[in-house]
Every structure is written in structure tokens, then in C-alpha cells.
Amino acid sequence: MKPGIYLAIMLLVLLTACNKNVSSADALKGRWELRSVYGGYGPGGGNYEAGNGNIYFFTSNSYRHYVNNVLNDSGSYSITKGENPDTGESMNAILFDSLYTVPYLISHNNLKLYYGAIAADGSIATYERIAE
């Protein structure tokens with residue numbers, strides 16, 4: 001095979017392998033357990049140990065929210081556009097049950113949910129992806 005053709009094929013393979021677009025809903029799917037809460041009014045902030053039972057479970061279009069391993073809320077969700085309540089930066093948001101949105105950010109195995117501006121007693125809850 002000619003070196004030019006070999007190089008072109010390798011370049012094509014490299015470019016297509018690096019161009020994997022994961023949809024926001026796909027990235028959100030799975031189980032997430034609470035690890036920390038920053039901000040908010042009154043007690044409840046701080047760090048949470050693994051196994052605390054405060055879990056969000058997302059499928060492609062539905063969610064279940066557990067508090068202390070007890071189902072607290074469930075329904076449907078979709079991904080929409082939102083903004084960081086502290087910086088105004090555009091980001092994705094979860095639209096829960098077509099009623100309210102919560103801006104979020106996924107980084108590595110962490111999910112951050114932004115519940116209002118910190119300056120106005122809002123909070124940021126950080127969840128860690130856990131095994132099914």
C-alpha cells in the first residue's frame with residue numbers, strides 16, 4: 001500500500017474516533033449519589049459518605065430520587081438550556097416533570113446540580129456516579 005493512502009486512512013480513523021458526541025441525556029443516565037452540598041440556608045450542607053442513600057437514578061427520559069434509600073420523587077425529565085445562577089454562564093439544565101429546571105454540570109464522574117444563586121441562599125449539590 002502506498003504511504004500516502006496508509007496515512008490518509010490512519011488520519012481518517014483518528015479523526016472519527018476523536019469525534020464521539022455523547023448526548024446530554026446519555027451522559028446523565030445512571031445512578032448518582034450525593035457527596036456534598038455547598039451553600040444553602042440553615043443546616044444540611046457539608047460532605048456525605050458513600051452509602052448515604054441520597055441518590056438520583058436517571059434513564060433516558062425518567063428519574064427517581066431517593067432520600068435515605070426511600071423513594072422521594074419520580075417522574076419524567078428532559079434536557080434544556082439554562083444558566084449558572086452565580087455566573088450567568090450558559091449551561092444545560094434538567095427540566096423535571098415539565099415544571100422546574102435545575103442547571104447542571106457533569107465533569108468526570110461528578111454531577112453538580114445548581115439550586116439557585118449562592119448569594120441568595122442557593123446551593124450546589126455534588127453527586128458521584130455509582131455502579132448500578
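It should be emphasised that the depicted structure is a prediction, and the values quoted were computed from it without experimental measurement. Sequential numbering from 1 along the given sequence is applied to the chain's residues.
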[X]: what forms a ring pair (Phe, Tyr, Trp, His ring centres under 6.0 Å) with it, not counting sequence neighbours?
{"X": "Tyr77", "result": "Phe58"}
{"X": "Tyr66", "result": "none"}
{"X": "Tyr127", "result": "Tyr56"}

Inset, instruction - Please report the closest heavy-atom contact between Gly39 and Ser123, naming both atoms and the distance. - result: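 Closest pair (atom of Gly39, atom of Ser123, distance): C-CB, 4.0 Å.
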Legend entry - Smallest separation among heavy atoms of Thr101 and Ala93, with atom names: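 Looks like CB-CB, 4.2 Å.
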Inset, instruction - Would you please name every residue forming a side-chain hydrogen bond (donor to acceptor under 3.5 Å, both in side chains) with Asp97, sequence neighbours left out? - result: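 Asp97 satisfies side-chain hydrogen bond (donor to acceptor under 3.5 Å, both in side chains) with Tyr63 once adjacent residues are dropped.
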Inset, instruction - Take Leu95 and Ser78, measure what side-chain contact (heavy atoms from CB on, under 4.5 Å) needs, and give me the verdict at the end. - result: CA-CA 5 Å; Leu95 175 60; Ser78 60; 3.7 Å; yes
Should [X] and [Y] be counted in the same cluster of Ile, Leu, Val, Met, Phe, Trp and Tyr side chains packed under 4.5 Å apart?
{"X": "Met91", "Y": "Tyr100", "value": "no"}
{"X": "Tyr104", "Y": "Tyr48", "value": "yes"}
{"X": "Ile94", "Y": "Leu105", "value": "no"}
{"X": "Ile55", "Y": "Val70", "value": "no"}
{"X": "Val67", "Y": "Ile130", "value": "no"}

Legend entry - Check against side-chain contact (heavy atoms from CB on, under 4.5 Å), Leu113 and Tyr115: CA-CA 6 Å; Leu113 300 177; Tyr115 295 105; 3.2 Å; yes
Inset, instruction - Sorted by first residue and then second, give each salt bridge (Lys or Arg N to Asp or Glu O under 4.0 Å) pair with at least one member in residues 57-86; sequence neighbours left out. - result: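 Output for this query is empty, none listed.
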Legend entry - Spacing of CZ belonging to Arg129 relative to CG belonging to Asn110, to within rounding of 0.5 Å: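 Atom-to-atom, Arg129:CZ and Asn110:CG are 10.0 Å apart.
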Inset, instruction - To the nearest 0.5 angstrom, please state how far the CD1 atom of Ile118 sits from the OG1 atom of Thr87. - result: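 Going from the CD1 atom of Ile118 to the OG1 atom of Thr87 covers 11.5 Å.
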Legend entry - pair Thr126-Leu111: side-chain heavy atoms closer than 4.5 Å: no
Name every donor-acceptor pair, under 3.5 Å, that has one atom in a side chain of residues 30-38 and the other anywhere in the protein, sequence neighbours excluded.
{"from": "Arg31", "atom 1": "NE", "to": "Ala131", "atom 2": "O", "distance (Å)": "3.3"}
{"from": "Trp32", "atom 1": "NE1", "to": "Leu28", "atom 2": "O", "distance (Å)": "2.8"}
{"from": "Glu33", "atom 1": "OE1", "to": "Arg35", "atom 2": "NH1", "distance (Å)": "2.8"}
{"from": "Glu33", "atom 1": "OE1", "to": "Arg35", "atom 2": "NH2", "distance (Å)": "3.2"}
{"from": "Glu33", "atom 1": "OE1", "to": "Gly51", "atom 2": "N", "distance (Å)": "3.0"}
{"from": "Glu33", "atom 1": "OE2", "to": "Gly51", "atom 2": "N", "distance (Å)": "3.2"}
{"from": "Glu33", "atom 1": "OE2", "to": "Asn52", "atom 2": "N", "distance (Å)": "3.0"}
{"from": "Glu33", "atom 1": "OE2", "to": "Gly53", "atom 2": "N", "distance (Å)": "3.1"}
{"from": "Arg35", "atom 1": "NE", "to": "Glu128", "atom 2": "OE1", "distance (Å)": "2.8"}
{"from": "Arg35", "atom 1": "NH2", "to": "Glu128", "atom 2": "OE1", "distance (Å)": "3.1"}

